[in-house]
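Throughout, numbering of the chain's residues begins at 1 and tracks the sequence.
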Amino acid sequence: MDDDFDPSRYARAPKLDVPSAIALSIKLLAAMPQKAPAPVKKAAKALRAKTIALQSAWKARDRVEKRPDPRPIDVSADNAMSRLIGRIEDYAGLPAETYPLAARAQSILGTLFPNGASFLKSDYASQWAETQKRIERIDEENLEDDINAIAGPEFLKEVRRIHKLYGEAIGVTKARSESPVPSLAQPLRDVGAAMTLYAVQLVSVCVDEEASNEARSAAQEALKPFDAHRAAAARRDAQKGEDTSITPDTAVPEVSDAPV
């Protein structure tokens, strides 16, 4: 056994965040001795299971925290309303003596859009409310038939369609489900505990005087990811960053059931 080997260094897992815990677990499992004894394999399987559970919790949290982006539907709402207003404005510009609906188009513009499309520059909730107010007035004053005759029925229909989706997207007309954000604290602690148990099993091989030199050397080699992690953490103290190469979908090495 290496004279510099200190079993106490592996008595507990290093301080880890979620990405670094997964990264270290992967390195430990990849470095597991090919001829590991049964207790080491059992601890390795437990570590793998806890690591996958942590990944699953991380993935679930990301799904909850990533809310739908309302910007695409906002752009669609702006375009739908702008086109409707544009159609009415174009018709209102025709000579009323030749096209009687031109005067009606001017009247509708004054009723619904006295300031044009300026309300489309408001925040999401205000824009939805301003659009809702105009749709309600169209219905209350029976303006739909005239608007359809002036602009074509597709334009108001599209405003109504997008307005419904817009309200749902920003949570005005349909409350978005607020799923609880899964905690990663316990799964992270579980990985740390499994990691410590795995290290203890490897250390037991290292200090077992009845184990072969090959087995003890392989066990010490399998512990090196702990040493490398601590050394890297010390170098990163000034940088303070997560391991961005690790994701909830990073593959965790299998633990073979093949007999030693």
Side-chain angles (χ1 to χ4, degrees), residues 17-19 22 54-94 99 101-184 187 241-242 244-250:
D17 57 17
V18 172
I22 293 172
L54 176 59
Q55 282 185 312
S56 297
W58 189 14
K59 193 182 299 184
R61 188 194 66 174
D62 280 358
R63 281 196 296 266
V64 171
E65 290 184 340
K66 289 178 181 175
R67 303 297 184 190
D69 184 356
R71 286 175 294 182
I73 195 69
D74 176 62
V75 171
S76 296
D78 290 352
N79 290 340
M81 183 61 78
S82 295
R83 290 190 184 102
L84 175 63
I85 295 173
R87 295 281 290 193
I88 298 173
E89 286 177 338
D90 286 345
Y91 206 109
L94 294 173
Y99 305 98
L101 276 178
R104 185 60 175 147
Q106 292 174 6
S107 173
I108 289 172
L109 285 176
T111 297
L112 298 178
F113 310 109
N115 298 312
S118 59
F119 66 95
L120 297 179
K121 297 178 182 178
S122 304
D123 60 81
Y124 298 146
S126 296
Q127 178 175 328
W128 182 90
E130 289 291 337
T131 300
Q132 178 67 17
K133 180 173 68 176
R134 286 160 173 80
I135 289 175
E136 288 176 358
R137 190 160 186 183
I138 289 170
D139 293 338
E140 290 167 1
E141 300 184 15
N142 299 313
L143 302 178
E144 181 167 348
D145 288 345
D146 285 346
I147 291 174
N148 288 343
I150 291 166
E154 298 82 2
F155 291 88
L156 180 56
K157 183 178 180 180
E158 179 64 2
V159 166
R160 290 185 186 275
R161 184 185 75 85
I162 293 296
H163 181 63
K164 181 177 182 297
L165 298 176
Y166 194 29
E168 294 174 0
I170 66 174
V172 174
T173 55
K174 183 179 180 182
R176 290 179 295 215
S177 59
E178 294 296 334
S179 302
V181 178
S183 172
L184 301 183
E242 286 190 345
T244 55
S245 66
I246 298 297
T247 75
D249 295 307
T250 302

Query raised in the report: Do side-chain atoms of Ser107 reach the backbone of Ala103 as a donor and acceptor pair under 3.5 angstrom?
Result: no

Requested in this report: Using side chain to side chain contact (heavy atoms under 4.5 Å, CB included) as the criterion, point out the one residue from Arg134, Met81, Gln132, Gln127 that pairs with His163.
Outcome: Gln132

Query raised in the report: Relative to each other, are the rings of Tyr91 and Tyr99 parallel, tilted or perpendicular (30° and 60° limits)?
Result: perpendicular

Query raised in the report: What's the spacing between Leu112 CG and Lys133 NZ if we round to 0.5 Å?
Result: 10.0 Å

Requested in this report: Give the C-alpha distance, both sets of side-chain angles, the deciding distance and a yes or no for side chain to side chain contact (heavy atoms under 4.5 Å, CB included) between Ile88 and Phe155.
Outcome: CA-CA 10 Å; Ile88 298 173; Phe155 291 88; over 6 Å; no

Query raised in the report: Rounded to the nearest 0.5 Å, how far does NZ of Lys164 lie from CH2 of Trp128?
Result: 12.0 Å

Requested in this report: Mark yes or no for whether Arg160, through its side chain, and Leu156, through its backbone, hold a donor-acceptor pair below 3.5 Å.
Outcome: no

Requested in this report: Please report the C-alpha distance between Arg104 and Leu143 in whole Å, then the side-chain angles of each, then the deciding distance to 0.1 Å, and finally whether the side chain to side chain contact (heavy atoms under 4.5 Å, CB included) criterion is met.
Outcome: CA-CA 10 Å; Arg104 185 60 175 147; Leu143 302 178; 3.1 Å; yes

Report task. Check for a donor-acceptor pair, side chain of Gln55 on one end and backbone N or O of Thr250 on the other, with a separation under 3.5 Å. Result -> yes

Query raised in the report: Do you know which two heavy atoms are closest between Leu54 and Pro187, and how far apart they sit?
Result: CD1-CB, 3.7 Å

Query raised in the report: Of the non-hydrogen atoms in Leu120 and Ser82, which two are nearest, and what is the gap between them?
Result: CD1-OG, 3.4 Å

Query raised in the report: Can you name the nearest heavy-atom pair linking Ala151 to Leu84, along with the distance?
Result: CB-CD1, 4.0 Å

Query raised in the report: Which heavy atom of Ala117 sits nearest a heavy atom of Ile85, and at what distance?
Result: CB-CD1, 3.8 Å

Query - With Ile138, the side chain to side chain contact (heavy atoms under 4.5 Å, CB included) member among Ile108, Ile147, Asp146 - result: Ile147

Requested in this report: Without swapping roles, check the side chain of Glu158 against the backbone of Ala80 for a donor-acceptor pair under 3.5 Å.
Outcome: no

Query - Test item: side-chain donor near acceptor, Tyr124 and Asp74, under 3.5 Å - result: no

Query raised in the report: Do Ser126 side-chain atoms and Asp123 backbone N/O form a donor-acceptor pair below 3.5 Å?
Result: no

Query raised in the report: If you look at every heavy atom in Ile73 and Ala169, which pair is closest and at what distance?
Result: CG2-CB, 3.6 Å

Query - Glu140 and Arg137 ion-paired at < 4.0 Å - result: no

Report task. For Asn115 and Ser118, indicate whether the former's side chain and the latter's backbone hold a donor-acceptor pair under 3.5 Å. Result -> no

Query raised in the report: Which heavy-atom pair separates Ala92 from Leu109 by the least distance, and what is that distance?
Result: CB-CD1, 3.8 Å

